[in-house]
Protein chains: 2
Amino acid sequence: MKLTNKQITVIFKALCDENRVQIFRLLQNGEKCACKLLEAMQCTQPTLSHHMKILCDSGLVVGRKEGKWMYYSISPEGTEIAVNVLRELTKVSDSGECCCK
Amino acid sequence: MKLTNKQITVIFKALCDENRVQIFRLLQNGEKCACKLLEAMQCTQPTLSHHMKILCDSGLVVGRKEGKWMYYSISPEGTEIAVNVLRELTKVSDSGECCCK
DNA sequence: CACACATATTGAAGCTTGTCAATATGTTTT
DNA sequence: AAAACATATTGACAAGCTTCAATATGTGTG
């Protein structure tokens with residue numbers, strides 16, 4: 001599972017906005033419909049929809065349509081990938097010294 | 001260790017830019033001086049300096065000054081915090097159903 | 001002390017993102 | 001079929017980010 005730098009930025013862009021962090025907090029105790037999220041957030045419906053799209057694109061959140069409602073939840077698969085990417089990217093091999101030393 | 005939503009976004013902004021992701025890759029095999037990073041990157045010195053500031057502000061990278069050189073490395077403490085925050089934020093408690101169901 | 005070198009800061013231009021009002025799409029109800 | 005409802009899309013504007021050239025700061029060297 002090899003991601004490009006571009007794809008990695010898409011994942012972490014999900015967490016670059018305070019509103020989206022708050023949405024994660026709201027989703028932590030289970031799936032929620034968009035209307036419930038909207039109630040809890042201080043933004044308009046189109047803005048929420050925009051953030052949900054970014055969250056879904058990142059893979060950290062998944063959406064499920066049921067009739068006229070849209071249910072969102074945190075994706076265990078997506079978040080596991082994100083944790084692994086973060087781990088991978090920040091892992092230090094420490095194989096060598098810098099030339100300038 | 002309780003971070004605000006704002007502080008969390010600062011952490012993940014480090015990984016929102018392709019160039020910064022590339023910088024992590026360069027730092028993976030140990031501390032590097034700014035001049036070495038600059039060589040490897042396709043950007044000007046002020047741009048690199050700007051990115052290094054964002055990385056240091058995130059806590060994921062630490063800088064160390066030695067004479068006229070600046071050495072940067074991945075911070076094990078910072079990255080551990082980041083992983084924990086990501087884990088925390090994406091942990092699902094699943095305590096209850098959404099009202100709309 | 002003047003000069004060369006490494007890095008940081010400033011200021012401006014261009015691009016991207018976040019936000020909202022208005023509107024469109026799709027679904028259920030009457 | 002029309003009305004009501006939930007969500008998505010569009011278009012416009014504001015705010016923020018990335019980038020660079022120019023300049024400043026700090027450090028070692030002749």
Side-chain angles (χ1 to χ4, degrees), chain A residues 4-24 26-27 31-58 60-73 97-101, chain B residues 4-24 26-27 31-58 60-73 97-101:
Chain A
T4 65
N5 288 358
K6 184 80 178 175
Q7 289 174 310
I8 290 172
T9 64
V10 171
I11 292 175
F12 294 106
K13 264 182 190 135
L15 297 155
C16 277
D17 181 272
E18 282 191 69
N19 295 298
R20 293 197 288 268
V21 171
Q22 198 186 338
I23 292 169
F24 272 101
L26 294 168
L27 293 179
E31 191 180 57
K32 283 215 166 45
C33 60
C35 59
K36 235 349 190 190
L37 292 172
L38 184 58
E39 267 180 40
M41 300 294 296
Q42 252 75 48
C43 69
T44 62
Q45 182 270 319
T47 297
L48 177 67
S49 188
H50 173 240
H51 285 308
M52 297 321 292
K53 181 162 168 44
I54 289 171
L55 289 173
C56 289
D57 286 350
S58 78
L60 292 175
V61 168
V62 283
R64 176 175 69 83
K65 192 170 186 174
E66 192 177 316
K68 58 182 174 182
W69 291 285
M70 195 68 197
Y71 292 97
Y72 292 102
S73 57
E97 303 273 301
C98 181
C99 62
C100 295
K101 268 181 185 168
Chain B
T4 64
N5 288 358
K6 183 79 179 174
Q7 290 174 308
I8 291 172
T9 64
V10 172
I11 294 175
F12 293 107
K13 263 184 190 133
L15 297 155
C16 277
D17 180 272
E18 282 190 68
N19 296 298
R20 292 195 291 267
V21 172
Q22 198 187 337
I23 291 168
F24 271 102
L26 294 169
L27 293 179
E31 191 181 58
K32 282 214 168 46
C33 60
C35 59
K36 229 4 185 183
L37 291 172
L38 184 57
E39 265 180 41
M41 300 293 298
Q42 251 75 48
C43 70
T44 63
Q45 182 270 320
T47 298
L48 177 67
S49 187
H50 173 241
H51 285 309
M52 297 320 293
K53 181 161 169 44
I54 290 171
L55 288 173
C56 289
D57 287 351
S58 78
L60 292 176
V61 169
V62 285
R64 176 175 70 81
K65 193 171 185 172
E66 193 177 315
K68 57 182 173 180
W69 291 284
M70 195 67 198
Y71 292 96
Y72 292 103
S73 57
E97 304 273 303
C98 180
C99 64
C100 296
K101 269 182 182 166

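In the text below, chain A, chain B and the rest are named by the order of the sequence lines, each starting its count at 1.
A distance of 10.0 Å separates NE2 of B/H50 from CG of B/L55, quoted to the nearest 0.5 Å. To the nearest 0.5 Å, the span separating CD1 on B/I23 from OH on B/Y72 amounts to 9.5 Å. Taken to the nearest 0.5 Å, the CG atom of A/L48 stands 9.0 Å off from the CG atom of A/N19. With values rounded to the nearest 0.5 angstrom, A/I11 atom CD1 is found 10.0 Å from B/L15 atom CG.
Atom CG in A/D57 sits roughly 12 Å away from atom P in C/dG18 (whole-Å rounding). Atoms CD (A/E18) and P (D/dA15) sit 16 Å apart, rounded to a whole Å. Distance, B/W69 CH2 to C/dA8 P: 14 Å, rounded to whole Å. Here the C1' atom of nucleotide C/dT19 and the CG atom of A/L38 are 14 Å apart, to the nearest Å. The CG-C1' distance, from B/L55 to C/dA8, rounds to 15 Å in whole Å. The NZ-P distance, from B/K36 to C/dT7, rounds to 12 Å in whole Å. Rounded to an integer number of Å, the gap from CG of A/L37 to C1' of D/dA8 is 15 Å. When the P atom of C/dT17 is taken as reference, atom CG of A/L15 falls 15 Å away, rounded to whole Å.
Applying the disulfide bond (SG atoms under 2.5 Å apart) rule to B/C16 yields the partners A/C16; only residues at least two apart in sequence or on another chain are considered.
The side chain of B/K13 contributes an N or O atom lying less than 4.0 Å from OP1 or OP2 of D/dC17. Contact between the side-chain N/O atoms of A/Y72 and the OP1/OP2 oxygens of D/dA8 is found at a separation under 4.0 Å.
Here B/I54 lies in heavy-atom contact (under 4.0 Å) with sugar-phosphate atoms only. A/L48 comes within contact range of no nucleotide atom at all, as no heavy-atom separation falls under 4.0 Å.
Between B/R64 and B/E66, at least one side-chain N (NZ, or NE/NH1/NH2) sits under 4.0 Å from a carboxylate O, which counts as a salt bridge.
Where the helix from C/dC1-D/dG30 to C/dT30-D/dA1 starts and where it ends, the local axes point in directions that differ by 20°; five pairs per end, rounded to 10°.
Of all heavy-atom pairs between B/Q22 and B/A40, the closest is NE2-O, 3.8 Å.
Counting only distance, with no hydrogens or angles, the side chain of A/R20 and the backbone of A/I54 share no donor-acceptor pair below 3.5 Å. One N or O on the side chain of B/K32 and one on the backbone of B/L26 form a donor-acceptor pair closer than 3.5 Å.
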Show each protein N/O and nucleotides 19-26 of chain D N/O combination with a separation under 3.5 Å, one pair to a line.
| unit_1 | atom_1 | unit_2 | atom_2 | d |
| --- | --- | --- | --- | --- |
| D/dT19 | OP1 | B/N19 | ND2 | 2.7 |
| D/dT19 | OP2 | B/N19 | ND2 | 3.4 |
| D/dT19 | OP2 | B/H51 | NE2 | 2.3 |
| D/dC20 | OP2 | B/T44 | N | 3.1 |
| D/dC20 | OP2 | B/T44 | OG1 | 3.1 |
| D/dC20 | OP2 | B/T47 | OG1 | 2.7 |

